[in-house]
Amino acid sequence: IMLHSTLALSLLLIAVTSNFAMAIKKEKRAPQTLSRGWGDEITWVQTYEEGLYQAKKSNKPLMVIHHLEDCQYCQALKKAFAENEEIQEMAQNNFVMLNLMHETTDKNLSPDGQYVPRIMFVDPSLTVRADITGRYSNRLYTYEPQDIPFLIENMKKALRLIQTEL
């Protein structure tokens, strides 16, 4: 009996420790779940408030992507965004990144309505850049997969504006 209970106890210990190890591992990979498919190498902030704080602290612009899981346009843009090396590299190194599946209370982030996908930039002085727009006059901050080069230009513009204005 003693041997049996020792065996059972050690099996229980093994089960508990491996679960614990998995929990620790999960903890480390937190940013991946926040990427929601937009880029796993990118460090994503969780909330708009955190994004503003990081932008101010790091002197990097904040890029906010509004999207929804069941929106085909969002999915198409996400795929193009995730596959573009230049975007991924800039997002990783030069921006504070946030992707949201809900609206923020900041009305400045929806100057022309609450549609998705919508990408906006906020500079480190915490000014929403309403002047960095996409190609469509009916939805100023939307991008389609073929607009990726244009989005890259806008990311560069967001970076340039910091240097010149602050």
Side-chain angles (χ1 to χ4, degrees), residues 26-84 86-166:
K26 271 198 191 98
E27 202 50 49
K28 263 201 175 119
R29 279 195 68 240
Q32 270 54 18
T33 55
L34 289 177
S35 87
R36 299 188 181 95
W38 290 89
D40 287 343
E41 298 305 307
I42 298 167
T43 305
W44 297 88
V45 294
Q46 210 158 351
T47 62
Y48 183 53
E49 292 66 32
E50 186 191 346
L52 293 175
Y53 173 78
Q54 291 295 344
K56 202 177 174 76
K57 198 175 89 167
S58 64
N59 199 35
K60 291 177 179 177
L62 167 65
M63 183 170 173
V64 184
I65 305 170
H66 285 94
H67 64 106
L68 290 170
E69 210 47 68
D70 54 5
C71 151
Q72 63 182 23
Y73 304 104
C74 301
Q75 295 297 348
L77 181 64
K78 180 194 295 190
K79 188 176 183 322
F81 187 97
E83 287 170 1
N84 186 287
E86 192 176 358
I87 283 192
Q88 291 292 307
E89 206 235 342
M90 271 198 291
Q92 202 176 330
N93 299 320
N94 309 107
F95 287 84
V96 174
M97 296 295 295
L98 171 67
N99 71 75
L100 286 177
M101 290 169 54
H102 58 83
E103 284 297 332
T104 63
T105 49
D106 187 346
K107 294 286 167 268
N108 296 312
L109 283 182
S110 51
D112 65 339
Q114 300 186 339
Y115 52 85
V116 290
R118 191 166 86 248
I119 300 180
M120 298 196 70
F121 298 93
V122 184
D123 70 30
S125 69
L126 307 188
T127 308
V128 175
R129 300 301 322 208
D131 53 346
I132 303 181
T133 55
R135 297 187 328 152
Y136 309 97
S137 54
N138 59 336
R139 293 184 163 199
L140 292 176
Y141 306 97
T142 203
Y143 297 84
E144 292 183 356
Q146 65 268 25
D147 302 328
I148 288 291
F150 198 76
L151 179 58
I152 291 171
E153 282 315 301
N154 276 348
M155 288 172 83
K156 290 177 178 168
K157 185 175 174 184
L159 292 170
R160 269 199 313 276
L161 288 172
I162 293 178
Q163 268 99 48
T164 54
E165 289 180 14
L166 292 183

To check you understand the geometry: which heavy-atom pair defines the closest contact between [X] and [Y], and what is its length?
{"X": "L109", "Y": "M120", "value": "O-SD, 3.1 Å"}
{"X": "L62", "Y": "A55", "value": "CB-CB, 4.1 Å"}
{"X": "G37", "Y": "A82", "value": "O-CB, 3.5 Å"}

Residues which pass salt bridge (charged side-chain N to carboxylate O under 4.0 Å, His left out) with [X], listed by chain and number, not counting sequence neighbours:
{"X": "E50", "answer": "none"}
{"X": "K56", "answer": "none"}
{"X": "K79", "answer": "E83"}
{"X": "R139", "answer": "none"}

Just jot down the side-chain hydrogen bond (donor to acceptor under 3.5 Å, both in side chains) partners of [X], sequence neighbours excluded, or say none.
{"X": "Q114", "answer": "none"}
{"X": "Q75", "answer": "E69"}
{"X": "S58", "answer": "none"}

Throw together a table of side-chain donor-acceptor distances under 3.5 angstrom for residues 147-155, partners on residues two or more places apart or in other chains.
from	atom 1	to	atom 2	distance (Å)
D147	OD1	R135	NE	2.9
D147	OD1	R135	NH2	3.1
D147	OD1	Y136	OH	3.3
D147	OD2	Y136	OH	2.8
D147	OD2	E144	N	2.7
N154	ND2	T133	O	2.8
N154	ND2	Y143	OH	2.7

Checklist entry - For V128, does its backbone N or O pair with a side-chain atom of N108 as donor and acceptor, under 3.5 Å? => result no
Item to check | Backbone N/O of Y141 and side chain of Y115: donor-acceptor pair under 3.5 Å | outcome: yes
Return all side-chain donor-acceptor pairs below 3.5 angstrom for residues 90-97, not counting sequence neighbours, or 'none' if the list is empty.
from	atom 1	to	atom 2	distance (Å)
N93	ND2	E89	O	3.1
N93	ND2	E89	OE2	3.3

Checklist outcome for this item: Contacts satisfying ring-ring contact (aromatic ring centres under 6.0 Å, His included) that involve residues 57-77 (not counting sequence neighbours) are W38-H67
Next on the checklist: According to salt bridge (charged side-chain N to carboxylate O under 4.0 Å, His left out), does anything in residues 91-107 pair up with another residue at least two apart or in another chain? List the pairs.
Outcome noted: E103-R118
